[in-house]
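Just so we're on the same page: letters track the sequence lines, and every chain starts at 1.
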There are 2 protein chains.
Amino acid sequence: MILLCNNKEAMKRKPGEDGGSKPKGPGAAFLLAQVGAHAASRFAARLTEADLVPANAGIFRILSATPAISQQALATALGTVPSRLVALVDDLEARGLVERRAHETDRRTYALHLTDKGKATMEIISKIAREHRQDLLAALSEEEQATLSGLLQRVAEQQGLLWGVHPGYARIGQSDKT
Amino acid sequence: MILLCNNKEAMKRKPGEDGGSKPKGPGAAFLLAQVGAHAASRFAARLTEADLVPANAGIFRILSATPAISQQALATALGTVPSRLVALVDDLEARGLVERRAHETDRRTYALHLTDKGKATMEIISKIAREHRQDLLAALSEEEQATLSGLLQRVAEQQGLLWGVHPGYARIGQSDKT
DNA sequence: TATTGTTATACTCTATAACTATA
DNA sequence: TATAGTTATAGAGTATAACAATA
């Protein structure tokens, strides 16, 4: 629903052939946003198989890696606000995938856990992610995929992005329309 | 605001070193979504310099390439519904950047044009995009940027993405939360 | 009868801040 | 006094369908 690229001449050029001053085709930055949005969208579509939304996948990932975490800490790990987690965890708990256990000493705090059913769902999510990866990058050889990963990783690092944390659209400006 | 990556072992591996069965680090697909979202977010932030939102940039791009287009056709080109354009064009027209001229023969239709001021704004957008590109890819050499572009272009093509059309999050599933 | 631009409405998502119960 | 989880509310953004004017 966004569209930003401007650079008519560049868009007609193919990757390799640089006739003029500036390198790159439609702008690697635009391609990045375009393909990235597509990737997220496809992943979200696949998750519906398991009746999940992307936000759920994040919760599963963290809970799987860090059992007994509190909602507060989970919110921090996800880069979101605690109040947003309430409905999300409510839903997963109602579906028997997540458990809110009492904290040992602090009665205000919950210790969140994946149930056995939740762990099984985590397996499904992993499978979905694997298939997603394969389909998305079907155009590239294994070696090229590794090259792409390497380049993206360096960009992510230089830009200060955190490992495994998807910022989403930070809504810094105003909207995301059209 | 999303978070999807799951693959703990992979996340600890650096690009090159594949100890085991599967290639890629945190998954090129996840990196793509992560970096892509970051790119879009940064671009949106830069656009505020010119009091614009990403949706505006799309309109400028199309109007610049295809003057006298109708709102209907513009909506199609942007992959959105006509009703969404009304407020957007209203705003740009009120700011003296876009003009709604009468169609020659069809009195229902407008012919949209960039004003001189609008053309100047288009220049600013181009400058912003150029700076955005440079900052985003500062970690890579010119050659590496070209490689990245090439790989992304092939992925985009194989996935059926249209040149210069940013799909945004298609909201196929339900939400984008957390 | 179909189409252009417009408006109105209803719905989703989210951020904020208030609230309770503990500490 | 501060913190964990919760609730309520208000705002932004969008999709849908209905509308008047014109074809």
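Within the 3.5 Å criterion, the main-chain N or O of B:Leu85 finds no donor-acceptor partner in the side chain of B:Gln71. The main-chain N or O of B:Leu97 is found under 3.5 Å from a side-chain atom of B:Thr115 such that the two form a donor-acceptor pair.
Rounded to an integer number of Å, the gap from B:His103 NE2 to D:dA21 P is 20 Å. A:Leu85 places its CG atom 12 Å from the P atom of C:dT14, with the value rounded to the nearest Å. Atom CD in A:Glu104 sits about 18 Å away from atom P in C:dT22, given to the nearest Å. When the P atom of C:dT3 is taken as reference, atom CG of B:Leu74 falls 19 Å away, rounded to whole Å. A:Leu78 places its CG atom 15 Å from the C1' atom of C:dT14, with the value rounded to the nearest Å. The CG atom of A:Asp106 sits 17 Å away from the P atom of D:dA2 (whole-angstrom rounding). Straight-line distance from the CD1 atom of B:Ile69 to the P atom of C:dT4: 12 Å, rounded to whole Å. For the pair B:Asp91 CG and D:dG13 C1', the computed distance is 15 Å after rounding to whole Å.
We find that B:Arg95 and B:Asp51 are not joined by a salt bridge, their nearest charged nitrogen and carboxylate oxygen being 4.0 Å or further apart.
Nearest to the side-chain atoms of B:Gln72 among the listed nucleotides C:dG5, D:dG5, C:dT14 stands C:dG5.
Closest-nucleotide positions on DNA chain D for A:Pro82 and A:Arg108 were compared, and the one nearer the 5' end corresponds to A:Arg108.
Counting distance only, with no hydrogens placed and no angle test, the side-chain atoms of B:Ser83 and the base atoms of D:dT16 include a donor-acceptor pair under 3.5 Å. No hydrogens or angles were tested; on distance alone, nothing pairs the side chain of A:Arg107 with the base of C:dT22 as donor and acceptor under 3.5 Å.
Checking the phosphate oxygens (OP1, OP2) of D:dA12, no side-chain nitrogen or oxygen of B:Arg84 falls inside 4.0 Å.
Of all the heavy atoms in B:Leu137 and A:Ala28, the pair that sits closest is CD1-CB, 3.5 Å.
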